[in-house]
Amino acid sequence: MKNFFEYDFAEFQQFLAENNFEKFRARQVFDAVYKAKLFEPALFPSIGEPLKKFLAENVEFVAARRVGLKNSSDATGKYLFELSDGNFVESVLLQAPSDDGKLRRTLCMSTQVGCASGCRFCASALRGFVRNLNLGEILAQSLPFVEERELDGRKRRVFLFENIVVMGMGEPLANFDNLIKALGILNDPSKFAFGARRITVSTCGLADKIRELARMKFPFRLAISLHGATDEVRSQIMPINKKFPLGEVLSAAMEFSKACGRMITLEYILIKGLNDTFDQARKLAQIAKTLHAHVNLIPYNRVEGLEWKRPDPSRRRAFADILERAGVSCTLRREKGSQIEAACGQLALKKKLGDSLS
Ligand code: SAH
């Protein structure tokens with residue numbers, strides 16, 4: 001059964017016509033899904049029972065069902081989604097104040113079951129790579145997060161998050177085509193119309209794919225997981241650095257920011273005794289200045305079974321001070337925000353539902 005999001009409008013009209021439904025019904029279905037954000041044919045307005053039944057039996061709307069909520073707190077909720085083959089992925093809804101002090105909600109989406117990148121500090125890498133998510137499965141992680149709001153005197157169903165980060169399980173650029181299609185559908189003004197500037201994709205540094213993004217003038221934000229300011233340090237924790245050493249990643253990043261005219265974010269997890277030396281801080285500052293990049297310093301979050309630790313607060317502050325004194329725009333997450341990082345980059349692959357909810 002084909003997933004609804006695989007159809008463009010003309011194809012869907014054609015599909016209905018071939019099955020003896022009026023072509024104009026396609027508009028009603030597209031509006032029900034993309035404007036009213038309804039994902040069950042039974043709920044579609046202005047559509048008769050025979051078409052509802054036909055759609056329910058012949059088109060897949062929700063490719064991954066939300067089956068559980070894990071580690072819920074005020075600020076974050078981890079949601080478990082079950083895929084049709086029995087695998088699970090997690091996505092996270094986080095809430096945090098933005099620069100203007102208002103609370104914003106961010107959806108953190110996964111793109112793969114497991115991950116092949118093998119970063120030595122990351123929970124998702126622990127059990128290796130299982131498979132790519134398909135288009136429907138990527139989008140399905142956004143579908144349950146809809147609420148009714150009154151806008152211009154009318155009740156509308158809208159996504160309840162203001163931002164999307166593709167920082168869940170998996171390496172998004174290793175599932176390139178499905179990622180691009182999913183972001184296209186979220187952003188398309190005739191579909192979900194979610195602003196490109198409110199979507200960030202994070203990569204461990206697949207330089208060839210970053211160059212491809214530059215060529216296609218990727219309209220979304222890009223974050224690169226650096227985690228080391230020299231090949232020597234980066235190779236110790238990120239095996240991908242052998243294939244794409246720092247120099248390659250940085251020249252691809254430069255190409256991206258020139259072509260797309262946008263500032264890149266460099267993510268840098270602070271790991272005690274590994275990448276938190278002042279020498280790394282100075283080299284990181286140099287890299288950020290050359291790229292005109294923003295640096296996001298994230299204290300490492302403990303992963304069960306791994307030995308890495310975060311440096312103590314004074315060390316983290318001193319590391320950030322070096323960047324700031326060098327004139328680099330930099331964010332150091334406060335302790336209070338640790339729930340947020342706990343949500344991102346720590347999504348482990350769990351095999352059984354009982355396992356996942358424990
Ligand atoms: N594969 C992509 C996106 C998924 S990980 C990437 O590498 O960017 C999202 C972010 O969480 C990455 O910066 C990753 O390095 C980071 N991360 C992974 N494990 C973490 C941990 N235990 N604590 C803090 N950040 C972590």
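The figures here come from the full heavy-atom set of this structure, side chains too, leaving out hydrogens, waters and symmetry mates. Just follow the structure's listing: the first ligand is 1, and inside any ligand the first atom is 1. On a predicted model such as this, the values are computed, not experimentally measured, just so you know.
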task = Go through Glu6 and Lys181 one step at a time and tell me if the side chain to side chain contact (heavy atoms under 4.5 Å, CB included) criterion holds.
result = CA-CA 9 Å; Glu6 300 276 0; Lys181 275 197 265 172; 3.6 Å; yes
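- Considering backbone and side-chain N/O atoms, Gly170 comes within less than 3.5 Å of an N/O atom of ligand 1.
- Annotation: cation-pi pair Arg105/Phe159 absent, no NZ/CZ under 6.0 Å from the ring centroid and within 45° of its normal.
- Under the 4.0 angstrom criterion for non-hydrogen atoms, Met169 is not in contact with ligand 1.
- Remark: aromatic rings of Phe15 and Phe54 are close, center separation under 6.0 Å.
- The closest approach between a heavy atom of Gly168 and any atom of ligand 1 is below 4.0 Å.
- Ring pair Phe145/Phe161 is perpendicular by interplanar angle, where above 60° counts as perpendicular and below 30° as parallel.
- Under the 4.5 Å side-chain heavy-atom criterion for ILVMFWY residues, no single connected hydrophobic cluster contains both Val233 and Tyr300.
- Heavy-atom proximity to Ser225, at under 4.0 Å, picks out these atoms of ligand 1: 6 (C), 7 (O), 8 (O), 12 (C), 13 (O), 15 (O).
- Counting atoms of ligand 1 from 1 in the listed order, those under 4.0 Å from a heavy atom of His227 are 13 (O), 14 (C), 15 (O).
- Here the options are Phe88, Tyr79, Phe81, the test is side chain to side chain contact (heavy atoms under 4.5 Å, CB included), and the partner is Val67; only Phe88 passes.
- The aromatic rings of Phe4 and Tyr34 sit tilted, their planes meeting at an angle between 30° and 60°.
- Counting atoms of ligand 1 from 1 in the listed order, those under 4.0 Å from a heavy atom of Cys204 are 6 (C), 7 (O), 8 (O).
- With Ile269, Asn301, Leu266 as candidates, the residue nearest to atom 25 (N) of ligand 1 on a non-hydrogen basis is Ile269.
- Between Arg131 and Glu137, at least one side-chain N (NZ, or NE/NH1/NH2) sits under 4.0 Å from a carboxylate O, which counts as a salt bridge.
- For ligand 1, the atoms sitting less than 4.0 Å from at least one non-hydrogen atom of Val303 are 22 (N), numbered in the order shown with element in parentheses.
- Residue-level proximity to ligand 1 for Trp308 is absent, since no heavy atom of it falls below 4.0 angstrom.
- Of all the heavy atoms of Thr203, the ones lying under 4.0 Å from any atom of ligand 1 belong exclusively to the backbone.
- Residue-level proximity to ligand 1 for Glu171 is carried by backbone and side chain together, each with a heavy atom below 4.0 angstrom.
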